[in-house]
Amino acid sequence: MEANLDIITRGLNDKQKEAVLTKNGPLIIIAGAGSGKTKVITQRIAHLLATGVNPWNILALTFTNKAAKELKSRIARIVGEEIADKVWAGTFHSIFARILRIEAEEIGFTSSFTIFDADDQLSAITNVMNILLIAQQTTPPQQVRSKISAAKNQMIDVDTFKQNAKSTLDKQTGLIFETYEKYLKDNNAMDFDDLLLNTIKLLEKSQAVLSKYQERFRYILVDEYQDTNRAQYRVVNLLAKAHQNICVVGDDAQSIYKWRGADIRNILDFERDYPYTKIVKLEQNYRSTKNILKAADSVIKNNKNQLPKDLWTDNIEGEKVEVIACADERDEANKIISLIKSSIVGDLSYKDFAVLYRTNAQALALENALRTANIPYVVVGGLSFFKRKEIKDITAYFRLLINKKDNEALQRVINEPPRGIGNTTMQYVRDYAIKKEISLYEAFSEAEQITGLQQRAVTAIKKFTEFVETYSAFENVEDVADYLSQFIEATGLTEMYRELGTDDANDRWNNIQQVISDISIYFKTNTNANLVEYIQQIALMSDYDEKNTSSDQITIMTLHTAKGLEYNTVFLAGLEHGLFPMVRDKDDDIEEERRLMYVGITRAEKKLFISYANKRMRFGQTELTSPSKFLYEIDADVLDWAEGKRLLEEKERRQNNLLNGKFNYSQGRSSDNYSQIPKSYGTAAPVTAEQKTTVFPFKVGDRVKHKVFGEGIISGLKGVGDMRQATVNFYSVGKKDFMLKFAGLVKVG
DNA sequence: GACCTGCTGATTTTT
DNA sequence: TCAGCAGGTC
């Protein structure tokens, strides 16, 4: 035992040790970025096991599949596969789905209930709206969906929602909400939020069930606690109440999911909920250089709402943060690539680099450039494999096999491939099913009695139900994987794509083949696996996780996806006002954007680059952009000298402009630097800043002076107005390109 | 019922 | 820009 403990705490600092060795009672670990959080969690579980806690009495909840997988494999490395397998470690959604399958009958579902993802949810809501005759134009289903989801996250039930509804939209949403809930039950389905809500209902309804799980989960651990919502908070509270052995780990500075219902109160109120809470702060950062940490700190300190903490590191000072100014997104991508190429020295290789961005749309330009440059890369996240149309079709077929009440699945596949059961037919069936309060599939069996149906349609329906029935007897099948692959073939989907033969169809066909092989692997590696579990796994999985972690490639992904990861060299791309921080409307939370920036900066170990473009394609149009305010928040000391200084000047200029109440670009000169479009062009429309055309008084051959680079000669000019750029050949440093509006060049001689 | 076409709105972020 | 869909035609 002694030896064991020694191994468990070896290499940990005092704070980490304290967190690991605190076995009983409520514990909150405030874990700064790069402070060895995952290690502490893993060692803590290892310690529980080493001191006699049964693995099945431990519940470890994570936020993402990736985190869960990582945790499981780390535990396995210490205590072995067999014991690790018995620990309940997984995402909130997967763990509670597992419990709900076991206890489904208690709350009026069957154990083969379907999980609706966001897409299913949306189409279910659209269906409900059609039934209620609510127009999509005045009541956008998308908005209804997010309102319902937000309500569920906050545990606001239908009745309360309806009572609080003031606006027309909210009142409509209330009606839809009510019918949607009934619709879910009729479909034997739960949406993502229900996996939590129904668990809460289950635990609150039956003391026996509650006690059962309280006894099972004597030790509870929650990772990324700052990102939990009220429903998650509630379910954890219920489970932990009896034994109070609850440990939550989080960092308020990295809370980036408020938009999804994450409630910072959960972390702030923890001490109030558990009066004898022990607090451990992990403040030593092992990941980043001093400069990177300083950059992160200088940004996050602009946030008012945060817990006091002092992140520090023993690591070297390191290189400064380099800012890269780019003309547009293509230039940005190319500059990033050439910087990566020139950075690969010593034992660095592609896998040590990551490019992070705010929106998935930014991946496109990067991907194109990387492909052209022949650099191996992987996009994490983005358009999920399981959200592709053909994959959703396949899984909808599976869903129908295990849950005939799943109307969403049925409607999705009924005419895919076309089998002569179109919208007119389905409308008759829907009307009939609603009237008789039965599922669509049940209505199919009474097809002859449905008024309006053509004989041809009735025949097609019979053929379809026969097909489904043939494959519904999967219970006693020996080789499920083989069985399913036959089933997929029998749906006619693969045949359809084969015959189409277009590039797009070939891709889709390939994707389906990938599912078939995935199924085969799944059933080979999970001996007790069944179809229900497999489908649930898909429903809760955003993508195939970490397919090629071993191969040497650059990783590109969104900032949200990057949370918890670290790379030697990190590029933060698209640091432009409006894009990052993203500002859409007044409700947007700048502090959350800043936390996201903080997360981004702290992903870097040794070197951080930050880039912005002066113009960028958005919505198919080129927009002029300006550097993000976050750039100006970074301590100028840690920014690369030339760029840092330039940014500082720019900032001063802006402040002066604000003071003077005007916006002039070249210092020392004012309105004579630009002329306006002649007023006669428009009638009464006011001239906005964007419409002004700036004319800079430079020509090729002019001698100019730059604050940083000194004197030089303009060797080229291009672009018009604000986009006008100059190439200047400096006596000191050679050729440099500038946007004139930022460069602050002054004519000399 | 299948196919074509022109329009619209989407770009946060995820279980 | 471009995918997805409503609405119209065959």
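Within every chain, numbering begins at 1; the chains are lettered A, B, ... in the order of the sequence lines, protein sequences first and strands thereafter.
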Distance, rounded to the nearest Å, where [X] contributes [atom1] and [N] contributes [atom2]:
X      : N      : atom1 : atom2 : result
A/N229 : B/dT14 : CG    : P     : 16 Å
A/R618 : C/dC2  : CZ    : C1'   : 16 Å
A/Q411 : C/dC5  : CD    : P     : 14 Å
A/R98  : B/dT15 : CZ    : C1'   : 17 Å
A/M129 : C/dC5  : CE    : P     : 15 Å
A/I115 : B/dT14 : CD1   : P     : 19 Å
A/L61  : B/dT14 : CG    : P     : 20 Å
A/E623 : B/dT11 : CD    : P     : 15 Å

Of all the choices, [options], which nucleotide is nearest to the side chain of [X] once you look at every atom?
X      : options               : answer
A/T561 : B/dG1, B/dT15, B/dT14 : B/dT14
A/H93  : C/dT1, B/dT15, B/dG1  : B/dT15
A/R456 : B/dT15, B/dT14, B/dG1 : B/dG1
A/M617 : B/dT15, B/dT13, C/dT1 : C/dT1
A/N360 : C/dT1, B/dG1, B/dT13  : B/dT13
A/N415 : B/dA2, B/dG1, B/dT15  : B/dA2

A/N266 (side chain) donor-acceptor with A/N229 (main chain) under 3.5 angstrom: yes

Any donor-acceptor pair under 3.5 Å from A/Q362 side chain to A/T359 backbone: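 Confirmed, A/Q362 side chain pairs with A/T359 backbone.
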
Touch class at under 4.0 angstrom, heavy-atom based, for A/F92 against every strand present: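 Touches nothing.
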
Sugar-phosphate, base or nothing in reach of A/D117, heavy atoms under 4.0 Å: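 A/D117: no heavy atom of the nucleic acid under 4.0 Å.
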
Euclidean distance for P, B/dT13 against C/dG4 (whole angstrom): 16 Å

A/R260 (side chain) and B/dT13 (base): donor-acceptor pair under 3.5 Å: no

Sub-4.5 Å side-chain heavy-atom contact between A/M190 and A/L100: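 Result yes, sub-4.5 Å side-chain heavy-atom pair found.
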
Closest-nucleotide ordering on DNA chain B, the 5'-leading residue of A/A457 and A/A118: A/A457

side-chain N/O A/S94 vs B/dT15 OP1/OP2, d < 4.0 Å: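 No, A/S94 has no side-chain N/O under 4.0 Å of OP1/OP2 on B/dT15.
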
Under 4.0 angstrom between A/T558 side-chain N/O and B/dT14 OP1 or OP2: yes

Criterion side-chain contact (heavy atoms from CB on, under 4.5 Å) against A/F116, the qualifying member of A/D194, A/L122, A/I125, A/L184: A/L184

Single hit among A/K72, A/R74, A/K66 for salt bridge (charged side-chain N to carboxylate O under 4.0 Å, His left out) with A/E70: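 That would be A/R74; it is the only one of A/K72, A/R74, A/K66 passing the salt bridge (charged side-chain N to carboxylate O under 4.0 Å, His left out) with A/E70.
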
Note: A/E623-A/K615 ion pair, threshold 4.0 Å (strictly below):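 No, this pair does not count.
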
